[in-house]
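Quick notes on the structure that follows.
Just follow the structure's listing: the first ligand is 1, and inside any ligand the first atom is 1. The figures here come from the full heavy-atom set of this structure, side chains too, leaving out hydrogens, waters and symmetry mates.
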Amino acid sequence: MDMDRVSSLVRQLLIEIGEDPDREGLVRTPERVAKALRYLTSGYGKNASDVINGAIFESKEDNMVIVRDIEVYSLCEHHMMPFFGRCCIGYVSRGRVLGVSKLARIVDCFSRRLQIQERMTREIARAVKDSIGAEGVGVVMECRHLCMMMRGVEKQNSVMVTSSVLGSFHDDAPTRAEFMALAGRRAAN
Ligand code: ZN
């Protein structure tokens, strides 16, 4: 990302919305916005195997692993406005598990891009499944979208819930039900 170019575009944007980019409070705003954007879109430069970085461990257990309440902050690709919430990731391993922090890193890798919630949910599920060859994976994500809350329909209390299930979570009803109960009980609170 060319920071000087992005800064000058933001400066131009300030003028277009009727601001004076030279007034005291805005002098360094273009530079700050450029830095914020670089961070908020840093997922483009990464993939799941980069962020996992080998933190895959052997495990003889084949129980379901669930990590709940992973924070999600992303930008919607339609308005470039934030949407945020949390997600729950569950999987049944086939002898290999991921470090817990790595699940959060996978979420960040896909959320720090322009996104739609439905696609991000699927991308996270796919990345977890592929990285450890899990028997099944489920992801449930619930987010509030500022583009919906601050503009448009102005529905301040609506939450979008998306889910993606792969492998045994897709094919086996009891496995899916166990995951949804563990993820959904919390989601309903
Ligand atoms: Zn939007």
Side-chain angles (χ1 to χ4, degrees), residues 1-21 25-26 28-48 50-51 67-90 102-130 137-166 169-170 179-180 183-189:
M1 194 165 136
D2 181 334
M3 299 298 276
D4 289 341
R5 182 162 158 74
V6 174
S7 297
S8 77
L9 288 167
V10 174
R11 184 184 155 84
Q12 203 55 43
L13 185 62
L14 287 170
I15 295 167
E16 290 300 327
I17 64 174
E19 266 293 356
D20 168 11
L26 293 180
R28 295 193 57 220
T29 294
E31 195 183 313
R32 289 190 202 99
V33 172
K35 279 185 185 160
L37 272 177
R38 182 173 60 185
Y39 180 77
L40 296 174
T41 61
S42 58
Y44 286 116
K46 295 176 181 150
N47 61 41
D50 293 336
V51 300
V67 179
R68 245 176 3 202
D69 293 334
I70 301 170
E71 289 170 70
V72 180
Y73 295 95
S74 190
L75 294 171
C76 84
E77 69 182 21
H78 301 133
H79 304 93
M80 293 177 69
M81 290 181 77
F83 65 95
F84 59 95
R86 56 194 180 176
C87 83
C88 174
I89 301 176
K102 298 302 179 183
L103 290 174
R105 293 284 183 89
I106 290 171
V107 171
D108 291 342
C109 169
F110 291 105
S111 63
R112 289 177 187 158
R113 306 176 186 197
L114 301 187
Q115 274 289 10
I116 59 171
Q117 188 180 326
E118 297 90 327
R119 184 177 65 226
M120 175 164 54
T121 306
R122 195 168 59 242
E123 285 173 343
I124 292 167
R126 176 53 61 194
V128 172
K129 187 162 193 314
D130 291 348
V137 174
V139 177
V140 174
M141 186 178 295
E142 48 183 297
C143 290
R144 293 172 187 275
H145 293 245
L146 287 188
C147 63
M148 223 177 133
M149 297 165 74
M150 294 178 71
R151 56 163 292 287
V153 291
E154 295 187 29
K155 292 293 181 223
Q156 269 105 39
N157 294 308
S158 52
V159 177
M160 181 187 277
V161 181
T162 50
S163 68
S164 180
V165 285
L166 301 172
F169 282 49
H170 179 271
F179 169 65
M180 288 300 178
R185 189 190 310 145
R186 188 57 169 256
N189 280 345

Handout entry: Residue pairs involving residues 2-18 (criterion side-chain hydrogen bond (donor to acceptor under 3.5 Å, both in side chains); sequence neighbours excluded)
Key = Arg11-Asp22
Handout entry: Over 12 non-hydrogen atoms of neighbours within 6.0 angstrom of CZ in Arg144
Key = yes
Completion exercise
Minimal heavy-atom distance between Val165 and His170, with the atoms involved, is O-CB, 3.6 Å
Exercise for the section: Would you sort out whether Gln117 and Thr162 count as a side chain to side chain donor-acceptor pair (under 3.5 Å), showing the intermediate values? Expected result: CA-CA 7 Å; Gln117 188 180 326; Thr162 50; 3.0 Å; yes
Completion exercise
Note on the Zn ion (ligand 1): protein N/O/S atoms within less than 2.8 Å are Cys76 SG, His79 ND1, Cys147 SG
Practice task
Return the set of residues passing salt bridge (Lys or Arg N to Asp or Glu O under 4.0 Å) with Glu118 (not counting sequence neighbours), or none when no residue passes.
Solution key: none
Using residues 75-85 as the side-chain source, report each donor-acceptor pair under 3.5 Å to any protein atom, sequence neighbours left out, with the distance given to one decimal.
{"from": "Glu77", "atom 1": "OE1", "to": "Arg119", "atom 2": "NH1", "distance (Å)": "3.3"}
{"from": "Glu77", "atom 1": "OE1", "to": "Arg119", "atom 2": "NH2", "distance (Å)": "2.8"}
{"from": "His79", "atom 1": "NE2", "to": "Arg151", "atom 2": "NH1", "distance (Å)": "3.2"}

